[in-house]
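In this chain, residues are counted from 1 in sequence order. Here the structure is a predicted model, which means the values were calculated and not measured.
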Amino acid sequence: QVQLVESGGGLVQAGGSLRLSCAASGSIFSISAMGWYRQAPGKQRELVAGITRGGTTNYADFVKGRFTISRDNAKNTVYLQMNSLKPEDTAVYYCKLRRGSEYWGQGTQVTVSS
């Protein structure tokens, strides 16, 4: 059984930064692809960034150059460094682990004020 726990969300002014963390239980983290998604009120959940088990990353166009995804396999943790935040980045952010099946965390709220 895999459990994912996100942390690091909060309220920040436009232009500010936040670092999200997602800690995974279980023994499959290092061989799993990880991703960060977000869902704003009234909108569908969307991919923000992903990282393969080998460390290859991909980003949604709307965060390129501002967000960075990384992973620490020794700590079973994936991170999302978010810089130059905009009000439109306001959403609940979720991490996902994919290894055959998919597992989701409970989400962490990010609110960016203008």
How long is the straight-line distance from [atom2] of [Y] back to [atom1] of [X], given to the nearest 0.5 Å?
X     : Y      : atom1 : atom2 : answer
Ile69 : Gln81  : CD1   : CD    : 12.0 Å
Tyr94 : Trp36  : OH    : CH2   : 12.0 Å
Glu6  : Gln106 : CD    : CD    : 4.5 Å
Arg38 : Glu88  : CZ    : CD    : 8.0 Å
Cys95 : Ile51  : SG    : CD1   : 13.0 Å
Arg98 : Thr52  : CZ    : OG1   : 9.5 Å

Task: Quiz item: cation-pi between Arg19 and Tyr79, 6.0 Å / 45° - done: yes

Open item on the list: Please check this pair: side chain of Thr108 against backbone of Gly9, looking for a donor-acceptor N/O pair closer than 3.5 Å.
Closed with: yes

- [ ] Find out whether Glu46 and Phe62 are in side-chain contact, i.e. whether some heavy atom of one side chain is under 4.5 Å from a heavy atom of the other.
- [x] yes

Task: Heavy-atom side-chain proximity of Thr57 to Tyr59 below 4.5 angstrom - done: yes

Locate the shortest heavy-atom distance separating [X] from [Y]; write the atom from each residue and the value.
X     : Y      : value
Leu47 : Asn58  : CD2-ND2, 3.6 Å
Val63 : Val48  : CG2-O, 3.5 Å
Leu11 : Ser113 : CD1-CB, 4.3 Å
Ala40 : Ala91  : N-CB, 3.9 Å
Leu97 : Val2   : CD1-CG1, 4.1 Å

Task: Centroid-centroid under 6.0 Å between Tyr37 and Trp104 rings - done: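 Yes; Trp104 has its ring centre under 6.0 Å from that of Tyr37.
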
Open item on the list: Count I, L, V, M, F, W, Y as connected when their side-chain heavy atoms are under 4.5 Å apart, and connections chain through other members. Are Leu18 and Phe67 then in the same cluster?
Closed with: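 Yes, Leu18 and Phe67 fall within the same hydrophobic cluster.
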
Open item on the list: Are Val12 and Tyr93 connected into the same hydrophobic cluster when the rule is that any two of I, L, V, M, F, W, Y join if their side-chain heavy atoms are below 4.5 Å apart?
Closed with: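 The answer is yes; both residues are in one hydrophobic cluster.
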
Open item on the list: Quick check on Arg53: does its CZ atom have over 12 non-hydrogen neighbours (other residues, nucleotides or ligands) under 6.0 Å away?
Closed with: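 It does not: Arg53 CZ has 12 such atoms or fewer within range.
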
- [ ] Say whether Ser17 and Asn83, considering side chains only, have a donor N or O and an acceptor N or O under 3.5 Å apart.
- [x] yes

- [ ] Would you tell me whether Tyr103 and Lys96 have side-chain atoms, one donor and one acceptor, within less than 3.5 Å of each other?
- [x] no

TODO: Test Arg71 against Thr77 for side chain to side chain contact (heavy atoms under 4.5 Å, CB included), laying out the working first.
DONE: CA-CA 6 Å; Arg71 65 189 298 161; Thr77 300; over 6 Å; no

Cut-off 3.5 Å, no hydrogens considered: what does the side-chain donor-acceptor table look like for residues 20-35, sequence neighbours left out?
unit_1	atom_1	unit_2	atom_2	d
Ser25	OG	Gln3	N	2.8
Ser25	OG	Gln3	O	3.4
Ser32	OG	Ile28	O	2.5

TODO: Look at Asp89 together with Lys86 and state whether they make a salt bridge at an N to O cut-off of under 4.0 Å.
DONE: no

